[in-house]
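All values reported here derive from a predicted model rather than from experimental measurement.
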Amino acid sequence: QLQLVESGGGLVQPGGSLRLSCAAPGFKLHYYTVAWFRQAPGKEREGVSCITAESATTTYGHSVKGRFSISRDDILNTVYLQMNQLEPGDTAVYFCAADLYPACDGDKYDYWGLGTQVTVSS
């Protein structure tokens with residue numbers, strides 16, 4: 001069973017940066033489309049970014065475009081989300097998800113991590 005493990009969350013001041021990691025111990029993540037979602041208290045889950053196998057396609061949500069960057073290191077078996085110019089509105093639990101479907105499409109992913117908290121506050 002593929003398990004996803006997120007890390008890199010924490011408390012950061014507005015304007016700061018964080019890099020989240022999504023690892024899949026024991027699995028070859030490079031076959032999978034991997035996406036990042038986030039959910040803030042009282043809000044619906046929101047798609048943040050997505051990357052397909054071999055980095056063929058990357059997508060970004062409107063609210064993070066130009067500030068966040070997704071990448072993957074298939075040697076380290078990890079997908080990263082570099083988050084710059086963080087705003088209080090970025091505060092949420094961030095989840096990574098993976099699926100063998102070869103496209104960034106919706107939120108129907110077979111595998112999900114448990115999430116990592118990101119808090120942007122002064």
Mind checking whether Tyr32 and Phe27 have ring centres under 6.0 Å apart?
no
What about [X] and [Y], same hydrophobic cluster or not, with Ile/Leu/Val/Met/Phe/Trp/Tyr joined at side-chain heavy-atom distances under 4.5 Å?
| X | Y | answer |
| --- | --- | --- |
| Leu76 | Val79 | no |
| Val118 | Leu114 | no |
| Leu29 | Trp112 | no |
| Leu86 | Tyr80 | no |

For the backbone of [Y] and the side chain of [X], can you confirm whether one donor and one acceptor N or O come within less than 3.5 Å of each other?
| X | Y | value |
| --- | --- | --- |
| Asn77 | Ala24 | yes |
| Gln82 | Arg19 | no |
| Ser49 | Thr59 | yes |
| Thr116 | Gly9 | yes |
| Thr52 | Thr57 | yes |
| Tyr60 | Ile70 | yes |
| Ser121 | Thr119 | no |
| Asp99 | Asp110 | yes |

Should we count CD of Gln117 as having more than 12 external heavy atoms under 6.0 Å?
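Yes, because the 6.0 Å sphere around CD of Gln117 holds more than 12 heavy atoms from other groups.
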Please indicate whether Leu11 has more than 12 foreign heavy atoms, meaning atoms of other residues, nucleotides or ligands, lying under 6.0 Å from its CG.
yes
Between Phe95 and Val93, what is the shortest heavy-atom contact and its length?
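That closest heavy-atom pairing would be CZ-CG1, 3.5 Å.
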State, to 0.1 Å, how close Ser122 and Pro14 come at their nearest heavy-atom pair, and which atoms those are.
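Result for this residue pair: N-CD, 3.7 Å.
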Heavy-atom side-chain contact between Val34 and Cys50 under 4.5 Å
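Sidechains of Cys50 and Val34: no contact.
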How long is the span from the [atom1] atom in [X] to the [atom2] atom in [Y], to the nearest 0.5 Å?
| X | Y | atom1 | atom2 | result |
| --- | --- | --- | --- | --- |
| Thr58 | Arg72 | OG1 | CZ | 11.5 Å |
| Tyr94 | Leu18 | OH | CG | 9.0 Å |
| Asp90 | Gln85 | CG | CD | 10.0 Å |
| Met83 | Ser69 | CE | OG | 12.0 Å |
| Lys43 | Thr91 | NZ | OG1 | 9.0 Å |

Taking side-chain contact (heavy atoms from CB on, under 4.5 Å) as the criterion, tell me which of Val64, Leu81, Leu20 meets it with Arg38.
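Among Val64, Leu81, Leu20, the one that satisfies the side-chain contact (heavy atoms from CB on, under 4.5 Å) with Arg38 is Val64.
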Does Arg45 qualify as a cation-pi partner of Phe37, given the criterion of NZ or CZ under 6.0 Å from the six-membered ring centre and within 45 degrees of its axis?
yes
Before giving the answer on salt bridge (charged side-chain N to carboxylate O under 4.0 Å, His left out), spell out for Asp74 and Lys28 the whole-Å C-alpha distance, their side-chain angles and the decisive distance to 0.1 Å.
CA-CA 8 Å; Asp74 289 334; Lys28 296 293 186 183; over 6 Å; no
